[in-house]
Amino acid sequence: MTTAADRSASVREMILTREFDAPRAIVFRAWIEPEQMARWWGPKDFTNPVCELDPRPGGSIRIDMRAPDGAVYPMTGTFLEVVEPERLVFTSTAFEDDDGEAGLEVVTTVAFAECGGKTRLTVHANVVHASPEMAGALNGMDEGWSQSLDRLADLAASTGGSR
């Protein structure tokens, strides 16, 4: 099940909740192990040729998403909180201009709740900066996250449960 909240013409906040048929520890590891995250991060048919994670407070994140047309979308960030296996908080910046200024900056909180051998995951993405050119990215944020979580569900099912 997926739910979304706080929709407006310019989305500034998004909350998605999804239940995974896998134990919480398995779902959590998929968020902090680069080889796993590279398999599910991003919309359908995207790949992640670069996925570097240092999952500790102050640790860095770098993911280069490659679209089906070959375009590469780099994203960098920093882990603010890592409470295994309960919670992650991280910043992400993307769509840098020629001067290195990010067009989009988001603080994302991910909560992992154990539910009888399954995991209820809640993603709360709070857009703290978006340049006017980011309207399209903001409008597609719910769908992009939904597709990512579909891919995560497939990975979690193959490693620790059934979908």
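Position 1 is the first residue of the sequence, and the numbers go up from there.
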- Note on the structure: Distance col, row Arg151:CZ vs Arg39:CZ, nearest 0.5 angstrom, shows 10.0 Å

- Verify, without hydrogens or angle tests, whether Asn48 (side chain) and Ala38 (backbone) share a donor-acceptor contact under 3.5 angstrom. yes

- Value for CD (Glu114) from CZ (Arg24), rounded to nearest 0.5 Å, stands at 5.5 Å

- Task: Evaluate the side chain to side chain donor-acceptor pair (under 3.5 Å) criterion for residues Ser60 and Thr78: first the C-alpha distance (whole Å), next the side-chain angles of each, then the deciding distance (0.1 Å), finally the verdict.
- Result: CA-CA 5 Å; Ser60 63; Thr78 303; over 6 Å; no

- Item | 4.5 Å side-chain heavy-atom contact, Phe79 and Pro57 | no

- Query: Do other residues, nucleotides or ligands put more than 12 heavy atoms under 6.0 Å from the CG atom of Asp69?
  - Reply: yes

- Query: Do the side chain of Trp40 and the main chain of Ala153 share a donor and acceptor less than 3.5 angstrom apart?
  - Reply: no

- Find the distance between CG (Leu121) and CG (Leu152) and round it off to the nearest 0.5 Å. 7.0 Å

- Message: Minimum heavy-atom separation for Arg18 and Ser146, please, with both atom names.
- Response: NH2-O, 3.4 Å

- Arg120: salt bridge (Lys or Arg N to Asp or Glu O under 4.0 Å) partners, not counting sequence neighbours: none

- Please check if the side chain of Glu13 supplies one atom and the backbone of Asn126 the other of a donor-acceptor pair under 3.5 Å. no

- According to a 4.5 Å side-chain heavy-atom criterion applied to Ile, Leu, Val, Met, Phe, Trp and Tyr, with indirect links allowed, do Leu104 and Val107 form part of one hydrophobic cluster? no

- Query: What's the spacing between Glu101 CD and Glu96 CD if we round to 0.5 Å?
  - Reply: 8.5 Å

- Kindly work out whether a path of hydrophobic side-chain contacts (I/L/V/M/F/W/Y, heavy atoms less than 4.5 Å apart) joins Val128 to Met134. no

- Query: Taking side chain as C-beta onward, heavy atoms only, is Asp54 less than 4.5 Å from Arg56?
  - Reply: yes

- Item | From OG1 (Thr76) to CD (Glu52), nearest 0.5 Å | 11.0 Å

- Query: If you take all heavy atoms of Val27 and Ala156, which pair is closest and at what distance?
  - Reply: CG2-CB, 4.2 Å

- Item | Same apolar cluster (I L V M F W Y, side chains within < 4.5 Å links), Ile32/Ile63 | yes

- Item | Linked, directly or transitively: Phe46 and Met37 (ILVMFWY side chains, under 4.5 Å) | yes

- Item | Carboxylate-amine/guanidinium proximity below 4.0 Å for Asp64 and Arg62 | yes

- Minimum heavy-atom separation for Pro23 to Thr119, with atom names? C-OG1, 3.1 Å

- Start with the C-alpha gap between Leu155 and Thr159, add the side-chain angles, then the distance that decides, and say whether side chain to side chain contact (heavy atoms under 4.5 Å, CB included) holds. CA-CA 6 Å; Leu155 176 65; Thr159 58; 4.2 Å; yes

- Query: Per the side-chain contact (heavy atoms from CB on, under 4.5 Å) rule, which among Thr47, Asp45, Val50 passes with Arg66?
  - Reply: Thr47

- Task: Compare every heavy atom of Pro43 with every heavy atom of Met65, then report the nearest pair and how far apart it is.
- Result: SD-CD, 4.2 Å

- Item | Donor-acceptor contact below 3.5 Å, side chain His129 vs main chain Val106 | no

- Heavy-atom pair with the smallest gap, counting every atom of Arg12 and Ala130: NH1-CB, 3.4 Å

- Establish whether Phe112 and Val89 are linked, either directly or via other cluster members, by ILVMFWY side-chain heavy-atom contacts under 4.5 Å. no

- Task: Evaluate the ring planes of Trp31 and Trp41, with Trp represented by its six-membered ring, and classify them as parallel (under 30°), tilted (30 to 60°) or perpendicular (over 60°).
- Result: perpendicular

- Message: Before you tell me yes or no, could you show the steps for Met14 and Trp145 under side chain to side chain contact (heavy atoms under 4.5 Å, CB included), namely the whole-Å CA-CA distance, both residues' side-chain angles and the distance that decides it to 0.1 Å?
- Response: CA-CA 9 Å; Met14 180 214 62; Trp145 268 109; 3.4 Å; yes

- Message: Using the rule given for side chain to side chain contact (heavy atoms under 4.5 Å, CB included), can you reason through Thr91 versus Ile61, listing the C-alpha separation, both sets of side-chain angles and the distance that settles it, and then say yes or no?
- Response: CA-CA 9 Å; Thr91 64; Ile61 301 166; over 6 Å; no

- What one should report as the nearest heavy-atom pair of Val110 and Phe90 is CG2-CE2, 4.0 Å

- Query: Taking atom CD of Gln36 and atom CD1 of Ile26, what is their separation to the nearest 0.5 Å?
  - Reply: 8.5 Å

